[in-house]
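What follows is one structure encoded as structure tokens, with my remarks underneath.
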Number of protein chains: 2
Amino acid sequence: MMTEERARQLEDALRNAGVRVTRQRAALLRVIASSDDHPDAAELHARAEAAGAGVSLATVYRTLTTLQAQGVIDKLEFRGEPARWEAADQSHHDHIIDVETGEVIEFTNQRIERLQAEIAQELGYEIVHHRLELYVRRVKEK
Amino acid sequence: MMTEERARQLEDALRNAGVRVTRQRAALLRVIASSDDHPDAAELHARAEAAGAGVSLATVYRTLTTLQAQGVIDKLEFRGEPARWEAADQSHHDHIIDVETGEVIEFTNQRIERLQAEIAQELGYEIVHHRLELYVRRVKEK
DNA sequence: ATACATGCAAAATGTTTGCATGGCA
DNA sequence: TGCCATGCAAACATTTTGCATGTAT
């Protein structure tokens, strides 16, 4: 799924922004570009290692911070768990978390987005960022 | 603001539920009943100490867990920060966080609540709990 | 060449826990 | 009295950082 192509695009973007593309960063970009789930730092480290990358966990953390600053990835912080990360090239969405399986589903709803903006505006604020998470359970058929 | 009365109500409720009301728990109940903000464990500990309670931080944590299990307080987990707590006797609401001042404002919007339920339902889920946080900045007048 | 990135180990942070002791019901 | 709660210190889990060394540009 074009992982390599996407990774190269991102490398160029980083270099243009004056960020060095090291062996470790290149490896992590590929792990991220080929992941369509929401891994945490330890999981990303494991995947990089599995790919033979040779990256320390400290560097994984530093790289995630850097990539977030560059807008390449987004940080997700669910209840109590370690932070998870996802590629940022997708369009904005919120998350539904199945409390029984831990599965994460993405969704957006324009009406909700609009209502949020209205609420903030009425109070004299503008929204910098928001977080909407629905913790759900599968409905039992009977 | 009826702190003492409220604290006694809560003590009775705890005893009825078979939870012992110790000196430490009684002190923390009073701190919680008299707080209308969203303090974290360390802050609650500090307030209890300031009131001359003599409670260890470990006990604060254990008590918060207990009170949450009893439905007396709710746990709030904002981005990265330590968990904060609030009295649960209030009606449901979401939070607006001013990213510049850290100030937290409560709000609810029935239309948003309804839309959330609809979204979950369409996917075959029922909502167990949700979290909606708007991270905002005050709009500058010009 | 040089500024920046890395690895390692240690530190920081927030929270939990084992165990001996204390105290509510 | 008996079971549960407490305090203390140690353990934990996640993340950050100081410092010597390595490396992309």
Side-chain angles (χ1 to χ4, degrees), chain A residues 7-8 10-31 38-46 48-49 52-70 72-85 102, chain B residues 7-8 10-31 38-49 51-70 72-85 102:
Chain A
R8 291 207 182 137
L10 293 174
E11 288 180 2
D12 285 346
L14 291 180
R15 264 186 285 258
N16 286 345
V19 175
R20 293 182 184 175
V21 177
T22 61
R23 176 177 57 73
Q24 293 87 337
R25 286 175 179 172
L28 284 169
L29 282 176
R30 278 160 186 75
V31 170
H38 307 81
D40 62 19
E43 176 62 24
L44 288 166
H45 181 238
E49 289 299 276
V55 190
S56 74
L57 184 54
T59 293
V60 170
Y61 275 105
R62 283 191 272 228
T63 300
L64 291 173
T65 303
T66 300
L67 295 182
Q68 183 185 29
Q70 295 302 320
V72 171
I73 55 176
D74 290 324
K75 187 177 191 177
L76 308 176
E77 296 177 275
F78 299 140
R79 350 184 22 177
E81 315 182 345
R84 306 198 199 186
W85 303 84
Chain B
R8 291 204 183 142
L10 294 174
E11 289 181 0
D12 286 344
L14 292 180
R15 264 185 285 258
N16 285 344
V19 176
R20 291 182 185 175
V21 178
T22 62
R23 177 179 56 76
Q24 293 88 337
R25 286 176 179 170
L28 285 168
L29 282 176
R30 278 161 185 73
V31 170
H38 307 81
D40 62 19
E43 176 62 24
L44 288 166
H45 182 236
R47 291 183 192 177
E49 289 300 274
V55 190
S56 73
L57 184 55
T59 292
V60 171
Y61 276 106
R62 282 191 273 229
T63 300
L64 292 173
T65 303
T66 300
L67 295 182
Q68 183 185 27
Q70 295 302 319
V72 171
I73 55 176
D74 290 324
K75 187 178 192 176
L76 308 176
E77 296 177 274
F78 299 140
R79 350 184 20 178
E81 316 183 341
R84 305 199 200 185
W85 303 82

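Bear in mind the structure is a predicted one, so any value in this text is a computation, not a measurement. Letters A, B, ... mirror the listed sequences (proteins, then strands); counts begin at 1.
Using modelled atom types, one side-chain atom of B/T66 and one backbone atom of B/R62 make a donor-acceptor pair closer than 3.5 Å. A donor-acceptor pair under 3.5 Å is formed between the side chain of B/H45 and the backbone N or O of B/V55. Although no hydrogens or angles enter the test, the distance criterion places no donor-acceptor pair under 3.5 Å between the side chain of A/Q24 and the main chain of A/T59. With hydrogens and angles disregarded, no donor-acceptor distance shorter than 3.5 Å links the side chain of A/R79 to the backbone of B/E77.
Residue contacts for B/G54: at a heavy-atom cut-off of 4.0 Å it reaches the sugar-phosphate backbone alone, with no base atom in range. Heavy atoms of A/A83 sit under 4.0 angstrom from primed sugar atoms or phosphate atoms, though from no base atom.
Counting to the nearest Å, the C1' atom of D/dT15 and the CD atom of B/E81 are 16 Å from each other. Remark: P of D/dA10 and CG of B/L57 are 16 Å apart, rounded to the nearest angstrom. The CZ atom of A/R62 sits 19 Å away from the P atom of D/dT14 (whole-angstrom rounding). In this structure, CD of B/Q70 is placed 14 Å from C1' of D/dC4, rounded to the nearest angstrom. Taking atom CG of A/L64 as the reference point, atom P of D/dT14 lies 14 Å away to the nearest angstrom.
For B/R8, the salt bridge (Lys or Arg N to Asp or Glu O under 4.0 Å) partners two or more places apart in sequence, or in a different chain, are B/E4. Scanning for salt bridge (Lys or Arg N to Asp or Glu O under 4.0 Å) contacts around A/D12 gives A/R15, with sequence neighbours left out. Applying the salt bridge (Lys or Arg N to Asp or Glu O under 4.0 Å) test to B/R84 and every residue at least two apart in sequence or in another chain returns B/E81.
Smallest separation of non-hydrogen atoms from B/P39 and B/L44: CG-CD2, 3.6 Å. Annotation for A/L64 and A/A41: closest pair CD1-CB, 4.0 Å, computed over non-hydrogen atoms.
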Sub-3.5 Å pairs of nitrogen or oxygen atoms, protein against nucleotides 20-23 of chain D:
none

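Distances shorter than 4.0 Å separate some side-chain N or O of B/T22 from OP1 or OP2 on D/dT6. Contact between the side-chain N/O atoms of A/R15 and the OP1/OP2 oxygens of D/dT25 is found at a separation under 4.0 Å.
Helix bend of the helix from C/dA1-D/dT25 to C/dA25-D/dT1: the angle between its two end axes, each built from five pairs, comes to 40° after rounding to 10°.
Looking at which nucleotide of DNA chain C each of A/A58 and B/Y61 is closest to, the 5′-most match is held by A/A58. Each of B/V19 and B/D40 was matched to the nucleotide of DNA chain C holding its nearest heavy atom; the match closer to the 5' end belongs to B/D40.
To the nearest 0.5 Å, atom CG of residue B/N16 and atom CD of residue B/E11 are 12.0 Å apart. With rounding to the nearest 0.5 Å, the separation of CG in A/L67 from CG in A/L14 is 6.0 Å.
Bracketed by its first and final contacts, the part of DNA chain C lying under 4.0 Å from non-hydrogen atoms of chain A reaches from C/dA3 to C/dC8 in 5' to 3' order.
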